[in-house]
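Position 1 is the first residue of the sequence, and the numbers go up from there. All values reported here derive from a predicted model rather than from experimental measurement.
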Amino acid sequence: MSTLSPGLRPPADRPVPSEPRASERPAPRIAGGAPEPRAGRFRRAAARLTPADRAVLWLYLLTRISLWITAHFARWLFPARPGTREAAPVLAPFQRWDANHYLHIARDGYFPAGAGPWTSGWDNREAFFPGYPFLLRVVHTVVPDWTAAGLLISFVAGAVAVLALARIARAYLPEGAAGRRTAALFLLSPCAVFLAVGYTEALFLALALPAWLAAVRHRWALAAVLTALATTVRVSGLFLAAAIALLFVLTAREKRDRRSWRAAGWTLLPALPPAAYSWYLHVYTGDWMAWKHAQERGWYRTFHTPWEAWANTWNGAFGHTQTTGYALMFQAELVAMLVGLALVAVLLYRRRWPEALYVALSLWALGTSYWYTSIPRATLLWWPLWIGLAALSLRRPWFRTAYLCVAAPVTTLVALTFLTGRWAG
């Protein structure tokens with residue numbers, strides 16, 4: 001991470017050639033004065049991608065193909081029942097755990113037929129924010145299969161996210177290969193499988209990373225709108241909103257210009273979607289924090305001090321109180337927490353205050369439950385981590401080799417664990 005500038009703006013706050021506004025460009029025409037066909041407009045949009053962008057997208061496609069091949073073999077080699085003579089359906093490996101929660105919300109709503117937290121056997125679905133289920137229902141009107149609809153969302157959102165991540169990396173790092181290197185380390189990270197399944201990571205990043213890119217370019221209105229959309233997908237959007245608000249304050253103070261503060265109101269916009277969702281839940285349950293209480297009931301996310309959470313997770317990992325599958329996952333939680341703490345320390349040392357705040361809030365939310373849950377998945381959302389690792393690999397070529405040698409088997413095993421239904425222990 002040492003190549004990051006300690007200032008407020010990344011070193012590549014260097015000017016980017018800007019396109020004329022759509023209103024300033026003449027509408028594309030073909031012979032006879034007719035509007036340009038849709039295919040022509042698509043080619044024009046694709047032409048705006050730089051060679052570096054296309055290289056990143058090509059890498060993204062290759063890793064998706066690799067994952068789909070893994071899923072295909074998994075359903076043949078690891079059947080749910082020993083001795084079966086027929087493989088599971090093609091999309092079955094992708095419809096697991098949280099993906100089922102999102103499907104049920106999209107298909108039936110949050111409180112179908114009057115059911116809710118007061119119902120025996122309730123699945124605590126209100127713990128999940130509505131942005132992804134809403135989009136899933138919209139896409140389902142075009143794609144009849146629910147699982148395929150979720151995979152399509154993640155596929156498109158993942159492409160947007162990795163492209164934005166590469167552009168952020170190129171803004172921070174001077175090396176020409178920075179974007180491609182960051183994308184490669186990110187796409188081969190241990191929990192990368194969650195970017196391709198019916199989970200929220202890809203969609204959240206497709207909104208959060210462009211929001212951050214807009215913020216570092218001081219396009220506060222765009223950053224606020226994208227962050228507001230991100231808060232409809234995950235509560236992590238509020239952590240992003242806090243980081244962008246801090247970046248805005250630091251930038252305005254640096255400029256020492258009263259006009260810079262006029263955009264301050266935009267920093268409040270991301271709070272509206274979570275407030276609206278809390279109001280909706282209050283209407284049905286009488287509880288303003290129903291989503292938080294659902295997490296507590298279903299996933300042991302009751303508040304505990306950080307040292308209690310660490311001790312409970314350590315006991316689950318090494319105290320022989322859990323099966324080996326669960327114990328290994330608790331070990332991964334501990335490692336991910338240490339990585340997060342180290343990342344925050346480096347960001348603070350480099351005076352990257354907004355990024356440090358974003359990761360620290362994430363660690364606080366995940367590290368104050370009864371025990372750690374989902375921290376390895378959360379590493380996907382820590383874009384400073386992947387940029388920092390890319391910076392290290394560009395300075396120390398041996399690090400890339402070491403990373404790939406460790407990440408390749410771990411990433412494959414995590415993908416197989418999820419795709420074969422063994423993720424939760």
Side-chain angles (χ1 to χ4, degrees), residues 63-82 84 86-108 121-129 131-133 135-137 139-140 143-155 157-158 187 189-205 233-234 294-295 298-301 322-330 332-333 336 372-381 410-425:
T63 58
R64 300 311 89 186
I65 293 173
S66 175
L67 185 62
W68 297 332
I69 292 173
T70 303
H72 171 73
F73 283 106
R75 67 190 183 93
W76 285 91
L77 293 174
F78 304 100
R81 296 186 301 275
T84 185
E86 184 176 354
V90 173
L91 299 181
F94 297 98
Q95 194 60 47
R96 309 284 187 186
W97 293 286
D98 288 3
N100 288 317
H101 285 290
Y102 294 121
L103 185 155
H104 296 156
I105 297 169
R107 185 185 62 197
D108 307 321
W122 180 241
D123 60 7
N124 300 304
R125 65 182 64 184
E126 66 272 25
F128 300 92
F129 277 42
Y132 181 88
L135 182 59
L136 179 61
R137 187 173 183 86
V139 175
H140 176 64
V143 180
D145 185 272
W146 285 103
T147 303
L151 293 179
L152 178 60
I153 293 172
S154 291
F155 179 74
L187 292 171
S189 60
C191 288
V193 64
F194 292 100
L195 296 169
V197 298
Y199 275 52
T200 59
E201 276 77 5
L203 180 59
F204 175 80
L205 288 172
V233 178
R234 296 175 67 101
Q295 291 185 355
W299 292 271
Y300 298 98
R301 292 195 182 277
Q322 305 291 331
T323 61
T324 56
Y326 277 115
L328 181 61
M329 291 186 178
F330 282 127
E333 298 285 347
Y372 300 159
T373 306
S374 302
I375 301 179
R377 277 172 51 198
T379 61
L380 293 170
L381 311 183
V410 174
T411 302
T412 303
L413 288 173
V414 171
L416 283 174
T417 301
F418 179 89
L419 296 169
T420 58
R422 295 171 172 83
W423 175 251

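- Scored by the ring-ring contact (aromatic ring centres under 6.0 Å, His included) test, F330 finds W371 as partners (sequence neighbours excluded).
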Check your understanding: Please walk me through it: do F94 and W68 pass side chain to side chain contact (heavy atoms under 4.5 Å, CB included)?
Key -> CA-CA 10 Å; F94 297 98; W68 297 332; 3.9 Å; yes
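- The backbone N or O of Y300 lies less than 3.5 Å from no partner atom in the side chain of Q295, so there is not a single donor-acceptor pair.
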Ignoring hydrogens and angles, write down the donor-acceptor pairs under 3.5 Å from the side chains of residues 100-107, residues two or more places apart or on other chains.
from	atom 1	to	atom 2	distance (Å)
N100	OD1	Q95	NE2	3.0
H104	ND1	N100	O	3.2

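- Note: C191 SG to L381 CG = 10.5 Å, rounded to the nearest 0.5 Å.
- Checked against side chain to side chain contact (heavy atoms under 4.5 Å, CB included), A196 has the following partners two or more places apart in sequence or in another chain: R64, L67.
- Atom OG1 of T379 sits about 10.0 Å away from atom CZ of F194, to the nearest 0.5 Å.
- Atom CH2 of residue W146 and atom CZ of residue R137 lie 5.5 Å apart, to the nearest 0.5 angstrom.
- Residues forming a side chain to side chain contact (heavy atoms under 4.5 Å, CB included) with V139 (at least two apart in sequence, or on another chain): L135, V143, A149, L152, I153.
- Atom CG of L328 is separated from atom OG1 of T417 by 8.0 Å, given to the nearest 0.5 angstrom.
- Taking CZ from F73 and OG1 from T420, the interatomic distance works out to 15.5 Å, rounded to the nearest 0.5 Å.
- Across G198 and L151, no two heavy atoms sit closer than the pair N-CD2, 4.5 Å.
- The heavy-atom pair separating A127 from W299 by the smallest distance is CB-CZ3, 3.8 Å.
- When all heavy atoms of P89 and P93 are compared, the pair lying nearest together is O-CD, 3.6 Å.
- The side chain to side chain donor-acceptor pair (under 3.5 Å) test applied to T200 returns R234, not counting sequence neighbours.
- S154 and A202 make their closest contact through O-CB, 3.7 Å (heavy atoms, listed as atom of the first residue, atom of the second, distance).
- Considering only residues two or more places apart in sequence or on other chains, D98 meets the side chain to side chain donor-acceptor pair (under 3.5 Å) condition with none of them.
- Evaluation of the salt bridge (Lys or Arg N to Asp or Glu O under 4.0 Å) rule for D123 yields R125 as partners, not counting sequence neighbours.
- In terms of the side chain to side chain contact (heavy atoms under 4.5 Å, CB included) criterion, residue partners of L416 (sequence neighbours excluded) are, by chain and number, T70, A74, F78, T412.
- For R96, the side chain to side chain contact (heavy atoms under 4.5 Å, CB included) criterion is met by F418, not counting sequence neighbours.
- The ring of W97 has its center no closer than 6.0 angstrom to the ring center of F128.
- For the residue pair T411 and S189, the shortest heavy atom distance occurs at OG1-O, 3.1 Å.
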**Study point:** Residues V233, F129; criterion side chain to side chain contact (heavy atoms under 4.5 Å, CB included); working and verdict
**Key:** CA-CA 5 Å; V233 178; F129 277 42; 5.9 Å; no
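- Taking the side chain to side chain donor-acceptor pair (under 3.5 Å) definition, one finds that R377 meets it with E201, sequence neighbours left out.
- Considering only residues two or more places apart in sequence or on other chains, D145 meets the side chain to side chain donor-acceptor pair (under 3.5 Å) condition with none of them.
- Nearest heavy atoms, G150 versus Y132: CA-OH, 3.4 Å.
- Formation of a donor-acceptor pair under 3.5 Å by the Q322 side chain with backbone atoms of A327 is not found in this model.
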